[in-house]
2 protein chains.
Amino acid sequence: MPARTAPRPRRAASTRPASRDSRDLIFTAAAELFSARGFDGTGVDDIAHAARLNKAMLYYHFDSKLALYREIVRDMLRAVGARALHTADSPEPADARLVAFIAGLVRLSDERPWFPPLMLREIVEGAPRLDPDTLVLMKDVFMAFGRILGDGHRTGLFRPINPILAYMSVLGPILLNAARERAAARPGRLDLPMFADVPHADLTAHMQHAALRLLSPEPTRA
Amino acid sequence: MPARTAPRPRRAASTRPASRDSRDLIFTAAAELFSARGFDGTGVDDIAHAARLNKAMLYYHFDSKLALYREIVRDMLRAVGARALHTADSPEPADARLVAFIAGLVRLSDERPWFPPLMLREIVEGAPRLDPDTLVLMKDVFMAFGRILGDGHRTGLFRPINPILAYMSVLGPILLNAARERAAARPGRLDLPMFADVPHADLTAHMQHAALRLLSPEPTRA
DNA sequence: GTCTATAAATAGATAGAC
DNA sequence: GTCTATCTATTTATAGAC
């Protein structure tokens with residue numbers, strides 16, 4: 001699921017306790033932990049233990065903790081960017097593309113559950129650990145969103161609006177809610193009301209509806 | 001500015017390099033750093049250095065790094081909660097209270113710039129470090145928001161909506177945008193388009209407008 | 001109240017056996 | 001490819017002088 005450019009071939013048959021590729025095990029465990037506790041809050045021992053391996057294996061597959069982290073973020077941003085560019089450049093009208101953009105983000109949050117918390121962290125911290133190539137990927141997502149916004153404005157589907165504020169207003173709820181959901185799912189803690197379950201079916205619809213309301217040119221009230 | 005329940009008296013006159021109370025210096029430096037780099041990303045030495053003191057002073061004023069962190073979050077949530085409860089219980093109609101609720105959050109983000117990043121981090125991580133008393137404060141803010149929402153629904157000003165999704169949709173953009181702004185202001189990095197300046201005047205208005213559009217009962221489009 | 005020096009624990013990273 | 005044992009640097013926290 002992590003997906004490097006080309007999936008390496010798997011060794012024939014092997015026993016259960018390490019049947020999946022150890023690199024993927026470490027990758028996934030690390031993504032999970034980094035998103036939950038942050039880069040500094042996660043030890044390489046924690047990662048190795050969660051992957052049911054040891055840290056020597058981590059260093060066998062990755063150069064360093066930082067290199068592993070970067071690979072996770074790059075993989076994630078490549079996935080987001082690919083989807084965003086694809087929908088932004090589709091021939092459909094802007095409102096349909098906006099709806100697809102949001103559906104893509106929500107679906108991606110399910111496929112790569114570490115995406116929302118990790119993305120939030122990177123924005124909050126100002127992405128201090130990312131290399132220039134990865135920063136470009138972050139930019140691409142925003143530019144794709146901006147293109148949808150601009151097209152919508154030109155075709156009269158959307159009202160004029162500051163693209164950054166619009167981006168924050170669309171991305172913020174999606175990321176924050178998914179991150180909240182994820183935090184609530186962790187064992188032990190948190191029976192606060194704001195961490196209660198939200199019916200997953202309503203979610204995409206709400207986010208899409210909210211975005212359309214935000215951008216629609218019709219005035220809503222004084 | 002951090003504000004314990006009662007501000008202790010200041011010593012008469014003293015030289016510049018440590019004229020302000022050292023406790024407040026450490027408190028503010030720590031809040032700033034914790035919000036920027038997270039709890040684990042911030043060392044007590046970093047804090048002491050930013051406060052132009054040393055870590056022995058930190059331990060003179062606070063029991064531990066964790067105790068200091070908790071005090072910062074508690075102070076922040078007390079401020080948010082007090083403001084939220086005050087506006088939620090005001091006699092005004094719900095839409096006016098919602099607008100005031102948002103203005104309060106934005107104003108608080110200016111007064112205590114560490115609030116948005118810190119709050120985001122706590123939600124993302126599921127508040128694993130907070131003591132029960134502090135968790136209650138988090139709950140109070142949400143409940144105040146919920147009361148405004150419920151009143152608005154009863155009086156026909158708002159449409160029915162899942163309170164958690166509404167909370168995420170109002171809080172998410174405000175926190176994320178303020179955090180983004182703050183990350184962009186840090187020296188060195190980040191000239192990505194999505195980290196560009198947003199005219200501060202537009203900000204509150206946008207957030208208020210967006211929230212009203214989200215909750216208004218009038219249908220906006222199919 | 002403020003500092004320097006240091007103890008004790010932890011974390012990232014590597015050597016080398018199997 | 002996988003593991004244990006270990007080195008080294010960093011980090012929280014404290015002792016004790018001024």
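Residue numbers begin at 1 in each chain, while the letters A, B, ... track the order of the sequences. From a predicted model like this one, the values you see are computed outputs, not experimental measurements.
Relative orientation of the Tyr69(A) and Phe34(A) rings is perpendicular, given thresholds of 30° and 60° on the angle between their planes.
Legend: residues meeting salt bridge (Lys or Arg N to Asp or Glu O under 4.0 Å) with Glu32(A), ordered by chain and number and at least two apart, are Arg182(A). Every residue two or more places apart in sequence or in another chain that forms a side chain to side chain contact (heavy atoms under 4.5 Å, CB included) with Thr87(A) is listed here: Ala100(A), Phe101(A), Ile148(A). For Asp46(A), the salt bridge (Lys or Arg N to Asp or Glu O under 4.0 Å) criterion is met by Arg37(A), not counting sequence neighbours.
Sequence neighbours left out, the pairs with a member in residues 53-68 of chain A that pass side chain to side chain donor-acceptor pair (under 3.5 Å) are Ser22(A)-His61(A), Asp45(A)-Lys55(A). Residue pairs satisfying the side chain to side chain donor-acceptor pair (under 3.5 Å) criterion with at least one member in residues 167-177 of chain B, sequence neighbours excluded, are listed as follows: His206(A)-Ser169(B), Asn177(B)-Arg180(B).
Rounded to whole Å, atom P of dT4(C) lies 12 Å from atom NE2 of His49(B). As a whole-Å value, the separation of Tyr69(B) OH from dT12(D) P is 15 Å. dA13(D) atom C1' lies 11 Å from atom CG of Asp45(B), rounded to whole Å. The CG atom of Leu53(A) sits 18 Å away from the P atom of dA13(C) (whole-angstrom rounding). Distance, Leu25(B) CG to dC3(C) P: 11 Å, rounded to whole Å. In this entry the distance linking NE2 of His61(B) with P of dG1(C) reads 6 Å, nearest Å. The interatomic distance linking Leu58(B) (CG) with dC3(C) (C1') rounds to 14 Å, in whole Å. Atom pair Asp46(A):CG and dT10(C):P shows a separation of 12 Å (rounding to whole Å applied).
The phosphate of dT2(C) (OP1 or OP2) has a side-chain N or O of Ser22(B) nearer than 4.0 angstrom.
For Ser64(B), whose side chain is taken as the heavy atoms from C-beta onward, the closest listed nucleotide among dG1(D), dA13(D), dT2(C) is dA13(D).
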Where do N or O atoms of nucleotides 14-18 of chain D meet protein N or O atoms at under 3.5 Å, pair by pair?
none

